Amino acid sequence: MRSTVRVLLACAGLPAFAHAADADNLAGKVQTVLKAHCSRCHTPDGKAKGGFDFVLDRTKLVARGKIVAGQPDESEIYQRVRDDAMPPKGVQPRIGGDDRALLKQWIEAGAPTASASAHTFVSEDAAARLILGDLQALEAAERRFARYFTLFNLSNAAVEADTLQTTRHALAKLLNSLSWHPRIARPVAVDAEQTVYRIDLRAYRWNARTWERLAPVYPYRIAVEPSVSKALTAATGAELPYVRADWFIASASRPPLYHDFLQLPERDKAIERQVGVDVADDLRENNVARAGFNGSGVSKNNRVIERHDANHGAYWRTYDFSENTDRQNIFEHPLGPTPGQNGFLHAGGEIIFHLPNGLQAYLLVDADGRRLDKASSEIVSDPKRPDRQVENGISCMTCHVRGLLPKSDQVRAHVAKNSSAFSKEDVQRIRALYPPDAKLRALIKDDTDRFVQALTKAGVPADEPEPVSAVTQRYEGTLDLVSAAAEFGLPAEEFSLRLRKSAALARSLGPLLVKGGTVQRSAFQGVFEDAVTTLRPKQSEKTDTVAQPFTGHTETVLSIAFAPDGAKAVSAGQDKTVRLWNVADGKELRCLEGHSDVVTCVAFTPEGNLLSGGRDRTVRLWDSATGKELGKFTGHTDTVRCVVCSPDGKRVLTGSLDGTLRLWDIQTFKEVYKLPRQDGGVYCVAFAPDGKRFASGGHDGGIRLWDAEKGKELKRLKGHTREVYTLVFSHDSARLLSGGNDRTARLWDAVEAKELRCFDAHDSAVLAAVFAGEDDLVSGASHYQGTDPSLHVWSGASGKERRAFRAGDGEQVSCLAFTHDGKLALSAGAEHRLRLWRLDK
């Protein structure tokens, strides 16, 4: 039997209206009064005095005790208005007698909303059945591309109609802001109330793997009828076919999901290549438009903005500074960024570029062009973020509501007025780079018009407050009893009864039972999984309490390695941990913590200790027996992508996205030598078993052979057409096996530097390879655009495939490792667990 919550009357005995229009009229008038007199302080965009930022949200006003429906003299808001304490003394205009009477009448009438209709509460099971029904109406071949967003947690909390509409607008804008497709695609409402939306992954140039990035971090899982759940997964191929819209908006508008969905690279040069911009060449040819000014709005320091023509419209970047003196003063040094004494030295910047559909994407970078999640607050700030730091994606959208912000240049006029302070050549160049104000404004207008047109196609009004920011701020706010109950898929009364019966949840969620009580979103999210088990036991009982093998990571696994004897393995990933496993039973032996960022590579030493490197630019040595960190190697200036120990255990070799190879002494942790920089970075390294040589591969597709003692390049192997991801020497050091992003594995004569064979049966990038026995070679590829992870056994002599293995379940693999004999393999990825392959069976 369905439960119904009526939002018109809070309890029996309140006066009803003859017509819904009467309630709408009264509610609308009160909204006008509150907006005119109270919204400047008590809305998310206001000053939020006392943490009270919901004066226009009737549901929160009632739930948090600011209004007692039917009793104006017991309602805090009316009391303060009646006593002339709200607005504060001295603030004009005051609330007049007629408006006070209107407010009193509204509360006496039960504080009706502007839409005085009954809302039918929708359970989690009903929501899942609704989605399944829509799926089954699609052509069978189309179902695997369908995914869904729900708004039931908002509608069940009876939020204002404006809040629901803002969420719809935010969803449409964000989806298309994460898209590389040339056309705008609006999500499709599948129910009359517009509380469930369907998308087609292909409409945003996404695939199943893109969507599955949400699964590991989605916190609001509530079990539904098993038959419905299985049918949803069978139809879509997705373990998580739908998520809540407000969570997605607040999460995918920020790193890491914002970077993941847009596939934003880690360096500015890479995105420039992607959108067809050569900054250096444009500057040489004076093919840019700049403006320099003080008072940017996000920074207390001067700023330069710079426009380039790009494939899909414009590419803008800013040059931001941590102070205004010396070479950070753009009026003294308007040229740059260049070496020498005349160019400015910036501290970082923001990149804004048009997507193919006309909307904008954003990238924050440091002075060296490295991608940032958040910018330093010494340079820029965002008062609407909790920590006031500018965060990529969400902060940029908040600022650029209607595209580019009009700016006027101050540099050109300054140089013209003080031309004697600059050389004649510099004056000419400054005039070329900093155009007249009319030209700059025309360019900004063109780019803004492109953005607004795309926004309109997405169904988002350009003249309203920025919706993604509004939804994110609301989501990150506190929850009251009504909103918390809706998050659990329960009516408020039922949720309250169940919560009172649970002593275990009283400490964390107990404040919701107090009049006007709230909990912080972060605290609520932290206990949600356990609370679901307690509050909804029938929906969330677990039938299997035995720990699954190789489980423990909480985010995507990025690297795996076997110990020399194959008895143990080590893994690491985005959760910043390094984990040691017993291969026989999959039990976790140790969890090592110390890295401050994502861990991207691991290896064993011959003695069985562990090496790990990552995005924090360090490599660490761990005692595998005690878990103690023995020391770290520092010197790389970008992410460490690969690490290996020499066969004698005395040296450590590392490769990095900074383009360098470095050899280290394992006893002193000091650098032995650094090899010349390789464009694009080093992705893999391997020592020959005899210890005399090592090989490296990377972004450019080339393989280099090096003299280990002297650090001298011996040979270059050319054949791969894209990035090289794996290298391994044969046991006699005479041959080399490689694999890469061109979907091939290649066998080389490591002495003569000749390619012997190319194995090209893989459907996707080759992540690992090994020599198995005298003749067999094994290579493994990742999950990619609908293919399954696969392993292939080849004959080195004939080049023919002996056997192939496929997982068959669409598992997403981002890393792979083999034992030295090729009999076992471990794979892992976004599912957080490791999978053991027994290749001898």
Side-chain angles (χ1 to χ4, degrees), residues 43-45 53-54 56-57 59-60 63 119 121-122 124 127-128 130-131 147-178 186-187 189-191 193-199 211 213-215 217-222 240-254 257-258 261 384-386 391 393-395 397-398 458-460 464-490 518-526 528 532:
T43 59
D45 289 328
D53 64 352
F54 48 88
L56 301 181
D57 189 330
T59 304
K60 287 187 177 181
H119 165 68
F121 191 94
V122 180
E124 198 77 15
L130 175 63
I131 293 171
R147 299 293 186 273
Y148 295 83
F149 298 93
T150 67
L151 281 72
F152 290 123
N153 61 311
L154 302 178
S155 61
N156 283 342
V159 301
E160 301 293 321
D162 285 349
T163 299
L164 287 172
Q165 190 66 355
T166 298
T167 305
R168 297 179 187 114
H169 289 159
L171 180 63
K173 179 180 178 180
L174 182 61
L175 287 169
N176 286 285
S177 296
L178 298 174
R186 296 190 190 184
V190 304
D191 62 330
E193 293 77 19
Q194 300 180 62
T195 49
V196 178
Y197 283 83
R198 179 183 71 244
I199 65 166
W211 176 267
R213 293 180 184 277
L214 301 177
V217 293
Y218 185 60
Y220 300 113
R221 295 173 183 264
I222 297 177
L240 183 71
Y242 63 93
V243 298
R244 296 179 183 179
D246 61 342
W247 171 83
F248 176 80
I249 293 162
S251 302
S253 60
R254 305 160 48 214
L257 290 179
Y258 181 75
F261 271 74
K384 293 191 176 182
R385 299 303 300 144
E391 191 167 15
I394 181 63
S395 294
M397 294 180 200
T398 303
V460 182
E464 292 186 2
E466 206 291 309
V468 176
S469 175
V471 171
T472 299
Q473 288 182 61
R474 188 184 193 283
Y475 175 84
E476 292 175 339
T478 56
L479 293 94
D480 52 41
L481 181 68
V482 173
S483 55
E487 296 284 338
F488 285 105
L490 296 170
T518 60
V519 295
Q520 293 287 344
R521 171 69 70 170
S522 57
F524 178 81
Q525 190 167 301
F528 186 86
V532 165

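Because the structure is predicted, anything quoted here is derived from the model rather than measured. Any value given below was found using the heavy atoms of this structure, including those in side chains, with hydrogens, waters and symmetry copies removed.
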A.B. asks: Arg221 and Ala215: which non-hydrogen atoms are nearest, and at how many Å?
C.D. replies: NH2-O, 2.8 Å

A.B. asks: Do any N or O atoms from the side chain of Asn156 and from the backbone of Gly489 form a donor-acceptor pair under 3.5 angstrom?
C.D. replies: no

A.B. asks: Looking only at the side chains, is there a donor atom on one of Ser483 and Glu487 sitting less than 3.5 Å from an acceptor on the other?
C.D. replies: no

A.B. asks: Calculate, to the nearest 0.5 Å, the distance between atoms CD and NE2 belonging to Glu466 and His169 respectively.
C.D. replies: 12.0 Å

A.B. asks: With a 4.5 Å heavy-atom cut-off, do Phe524 and Thr478 have their side chains touching?
C.D. replies: no

A.B. asks: Looking at Val196 and Asp191, what are the two nearest heavy atoms and their distance?
C.D. replies: N-OD1, 3.1 Å

A.B. asks: Given side chains that start at C-beta, do those of Ser155 and Val122 come closer than 4.5 Å, heavy atoms only?
C.D. replies: no

A.B. asks: State whether the side chain of Arg213 and the backbone N or O of Leu257 hold a donor-acceptor pair below 3.5 Å, judged by distance alone.
C.D. replies: no

A.B. asks: Output the distance between atom CE (Met397) and atom OH (Tyr258), rounded to the nearest 0.5 Å.
C.D. replies: 4.5 Å

A.B. asks: To the nearest 0.5 Å, what is the distance between CD (Glu464) and OG1 (Thr166)?
C.D. replies: 6.5 Å

A.B. asks: Do Val190 and Tyr148 pass the side chain to side chain contact (heavy atoms under 4.5 Å, CB included) test, and can you show the C-alpha distance, the side-chain angles, and the key distance before you say yes or no?
C.D. replies: CA-CA 10 Å; Val190 304; Tyr148 295 83; 4.3 Å; yes

A.B. asks: Has Trp211 got a side-chain atom pairing as donor or acceptor with Leu240's backbone, closer than 3.5 angstrom?
C.D. replies: yes

A.B. asks: For Tyr218 and Arg244, indicate whether the former's side chain and the latter's backbone hold a donor-acceptor pair under 3.5 Å.
C.D. replies: yes

A.B. asks: Which pair of non-hydrogen atoms, one from Leu171 and one from Ala245, has the smallest distance, and what is that distance?
C.D. replies: CD2-CB, 4.4 Å

A.B. asks: CG of Leu174 to CZ of Phe149: how many Å apart, nearest 0.5 Å?
C.D. replies: 8.0 Å

A.B. asks: When you measure from the side chain of Glu391 to the backbone N and O of Ile394, does any donor-acceptor pair fall under 3.5 Å?
C.D. replies: no

A.B. asks: Please report the interatomic distance CD1(Ile131) to CZ(Arg198), rounded to the nearest 0.5 Å.
C.D. replies: 11.0 Å

A.B. asks: Heavy-atom distance under 4.5 Å between the side chains of Leu154 and Arg474, does that happen here?
C.D. replies: yes

A.B. asks: Which one of Asn153, Thr163, Thr167, Thr472 satisfies the side chain to side chain donor-acceptor pair (under 3.5 Å) criterion with Asp246?
C.D. replies: Asn153

A.B. asks: Could you walk me through whether Glu193 and Leu151 pass the side chain to side chain contact (heavy atoms under 4.5 Å, CB included) check?
C.D. replies: CA-CA 10 Å; Glu193 293 77 19; Leu151 281 72; over 6 Å; no

A.B. asks: Assess whether side chain to side chain contact (heavy atoms under 4.5 Å, CB included) is satisfied between Leu130 and Phe152, documenting all intermediate values.
C.D. replies: CA-CA 12 Å; Leu130 175 63; Phe152 290 123; 3.9 Å; yes

A.B. asks: Just how far is it from atom OH of Tyr220 to atom OG1 of Thr150, taken to the nearest 0.5 Å?
C.D. replies: 12.0 Å

A.B. asks: Can you list everything that forms a ring pair (Phe, Tyr, Trp, His ring centres under 6.0 Å) with Tyr197? Sequence neighbours excluded, please.
C.D. replies: none

A.B. asks: Under a 4.5 Å cut-off applied to non-hydrogen side-chain atoms, are Pro467 and Lys173 in contact?
C.D. replies: yes

A.B. asks: On the 0 to 90° scale, with breaks at 30° and 60°, tag the Phe528-Phe488 ring pair as parallel, tilted or perpendicular.
C.D. replies: parallel

A.B. asks: State, to 0.1 Å, how close Ala172 and Ala458 come at their nearest heavy-atom pair, and which atoms those are.
C.D. replies: CB-O, 3.5 Å

A.B. asks: For Ser253 and Ala250, work out which heavy atoms get closest and say how close.
C.D. replies: OG-O, 3.7 Å

